[in-house]
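Presented below is the structure to which this report refers.
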Amino acid sequence: MNTVRLKLRSFTFLFVKSRARPADAHPPLARWDSRTVFQFCRTMATNFNNNNTNNSNDNNPETRQQLDPRKARQKEPLRRLKIRENRNKRGFDDHGPSTVYLQVVGAGSRDNAASLYVFSEFNRYLFNCGEGTQRLLQEHKLKAAQLDNIFLTSLSWENVGGLSGMILTLKDTGVPECVLYGPPQLEKYLNAIKTFSGPLDDIKLSVRPYTEEAYTDDTMTVHQVPIFAQSKDHSRKHSPRSSSPPRSPASPKEDDIHLNSCGDSPGSPGERRTGTRDASLVVSFICKLHPKKGNFLVTQAKELGLPVGTAAIGPLVKALKAGESITFEGREIRPEQVCTPTDPGPVFIIIECPSEEFVQPVCTNQHLRRYQTGGTEDPAVLVVHMTPESVLNTDQYKQWMERFPSTTEHLILNQQVFTVHNVRSHKIQTQLNMIHPEIFPQLRSYRTKEPQAALHVPNVRAECLLKFQLRPVMEWQRDAIPSCSTEEFVKEASEVPNFLEEVEKSRKICSTDAAELSAGKGDKYPEVVFLGTGSALPMKIRNVSGTLVNISSTQSLLLDCGEGTFGQLCRHYGDDVDDALSKISTVFISHLHADHHTGLLNLLYQRERAMTTLGKEFSPIYLIAPVQIMTWLNRYHDHCEEILSHINVVPNTFLTDDAEVPKQKTKSLIKALLKKNDLTKFQTCGVRHCKNAFACSFTHQSGWKLAFSGDTMPCDAFVNIGKDATLLIHEATLEDGMEEEAVEKRHSTTSQAIGIGMRMNAEFIMLNHFSQRYAKIPLFSEDFSDKVGISFDHMRIRFGDLKILPRLIPAVKTLFADDIEEMEERRERRERRELRHQRHQRGGSSEVNSEQQRTTTGRGAKRDQEEAATHDVDAKRQKTSFSS
Ligand SMILES: [Zn+2]
Ligand SMILES: [Zn+2]
């Protein structure tokens, strides 16, 4: 753990400024609106992120405490209300927040786009919400449910990719309102996500674009500053914050979509088509904390003989804190003798300057100019640059940075960072890697080849959870930055009783098996890489659905693509990620629940970037998906970013057995995709889940066949199309004994999934899509055999490995023995509850009472609550998404 603290070079400016209140601050009244009540309600909402279902290694009593949602619910609003009451009594003029800090969530790496969390005792904010942001908030215990506002610098997928999932989670946890700031097209974005999320009636979503006046709450005033690019070609903002050159626009028509909603951009406003997309716009945020008056120093006052502790002191303190000198017993007492100085309210600025077209507009912007040396306002204490090295490296941008005084800190978020975000994922992978290094390969990271810009101002590179504290003391804080030590993870696993022995045993068995296998079946392809094996929403250990099938050394196919699939790919392949991406020619989307498709756009944009980097000719992917996905993609294309040139769509319905004959164009697409992947057949069938949900199976020229269930209850049609599959990948969301719940959510239990595999006569069955309550490992059922395996994120299997997978299970079970024990206890409690319920219905029994007492107290009960909360979000997500 790094605990180095970098004190600010100069803290003195705070003492120099004496203006108590900025001219542009809102009158106090504006800060006390319905939000007070609203925030109370909001904090009453259970914080999902606290409901950590797999914290057996997390023994910190404080974090354990946080896990209890009831406690969180009681404590939080009271604390905040109390603060408010006190402020109310004293008046608000001089009582800005006393604790404020900015914290890096995503540092801007290729797998975790730039995002910032801002905390005060009154409010919580998020700046940008790329894919995986929600997962990071969950892992690092930053409470999403308490976010007051989300600010977005642009509508690039990098900044908004995680927003749909975030909104769904906020809605599911009962947050009543969410306000979004930034480009006006945000409204259209929200409309677009409703095409797959359902109506979103339970949460009030509002957009306050930059055209509206400054936003003020208890913590600060935020001014939105629109910045328009110079060039007219903004059909898409290409590979933002990266060094890759842009691909030429797909068609000349695309150029015409440029439209400037405000009309004051340089150049012509462009033509109106149906769309409102405007990649020439980014929004900067100037944030000014409310002033806070100094504290009265009791000891000093006593030394000067002031009547401390008597009624006479009241008016004296008031005058002194207001900056007035007083006369006491003939002596003049100046405020600075007995008060700490007033903090007029520091300013921090968040800027995205995604490409060189924005350099001139940023550097000449008059709003920003005010906070530089010689400007009309106090200079910014911190400027956050979401800016790629190529932009930082331009002379103009460098000079612009130098126009801030030397007291200004600069924080840079871009791909030139080396920080681990997903620590828990690294940990579990390191430990599984001890069991089998090829099946559980170590995670890797992508390192940019871009050279670091030589800046002339001191600057700090972002790291996950790095803090810049504005109050009480202005300083960088590094103590929250997570450590990620492979040795420690290995050591921890080595200390698990019997683990090393089991690993040794499985190694011996595997080496014998491997010798057998090398006689024939040890082919390198096909190879299956599980990128996400959890359901509902991305969590720290299991990401949501995404399975890569590497068909040959040059061809890959992706089965489902939930949020963060690209990030997983990036951490799996590291520097080879471009190569892996460029091989993907086909994506199958089973259905339109958010956990199965919201990672698609990033995958497509990153794939385009990969092809450019590798000098490969770009070609669209074959997208086999429910045709309803086009409503979403069209809307995003029209109002946010260009996407349609990336895909050739083959609706799932055209690949079913009884499909109507497709038009010539679709026919030839199907033919082409089969040829491209060396497949002889690709089939889909409707399954028993939500409307327009499909499973698929495909057969390779060399004879192997793979069947993939998507989400479904046991389904006969799927048995038919998967007949004699070499490998079946089947969802097993719930454990045995939860059949009723499985029906309710239209999912399968472990044994149901295995049963389908048996009926299908599948050679091997891999289970996946586990409820997030089984974060590390699902519960096993009696139906497990040597034909069944369970999937983990980043697991990589070749067909030759299938035989040895069951041999690894004893070692895996030993590693997670504690978790399994807890889950089994939970199951027992559930079964006892059900039994009680049945008995109760038959007339009740007194013996039940003592049992009940035992089970509803202590650790077990707590776990049950946590489970219930996870389950709740899980279930709600299912229900609400049905409408899509
Ligand atoms: Zn799902
Ligand atoms: Zn689903």
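We number each residue from 1, following the sequence as shown. Order of appearance sets the numbers: ligands from 1, and atoms from 1 within every ligand.
- Within the 4.5 Å cutoff, the side chain of Phe530 has no heavy atoms near those of the Phe792 side chain.
- Looking at heavy atoms from C-beta onward, Ser751 lies out of side-chain contact with Phe784 at the 4.5 angstrom threshold.
- Looking at residues two or more places apart in sequence or on another chain, you find a salt bridge (charged side-chain N to carboxylate O under 4.0 Å, His left out) between Arg571 and Asp111.
- At a cut-off of 2.8 Å, Glu731 is not counted among the residues with an N, O or S atom near the Zn ion (ligand 1).
- A side-chain N or O of His769 and one of Thr733 form a donor-acceptor pair less than 3.5 Å apart.
- Our summary of the site lists the angle at the Zn ion (ligand 1) between NE2 of His596 and OD2 of Asp595 as 100°, to the nearest 10 degrees.
- When you scan the N, O or S atoms of Asp711 for the one nearest the Zn ion (ligand 2), you land on OD2.
- Distance check for His591 against the Zn ion (ligand 2): an N/O/S atom falls below 2.8 Å.
- Restricting His593 to its N/O/S atoms, the shortest distance to the Zn ion (ligand 2) is reached by ND1.
- The Zn ion (ligand 2) has an N, O or S atom of His689 closer than 2.8 Å.
- Scanning for salt bridge (charged side-chain N to carboxylate O under 4.0 Å, His left out) contacts around Arg759 gives Asp716, with sequence neighbours left out.
- His769 lies close to the Zn ion (ligand 1), since one of its N, O or S atoms is found at a distance under 2.8 Å.
- Residue side and main chain included, His747 places no N/O/S atom under 2.8 Å of the Zn ion (ligand 2).
- A heavy-atom distance below 4.5 Å is not found between the side chains of Ile670 and Phe682.
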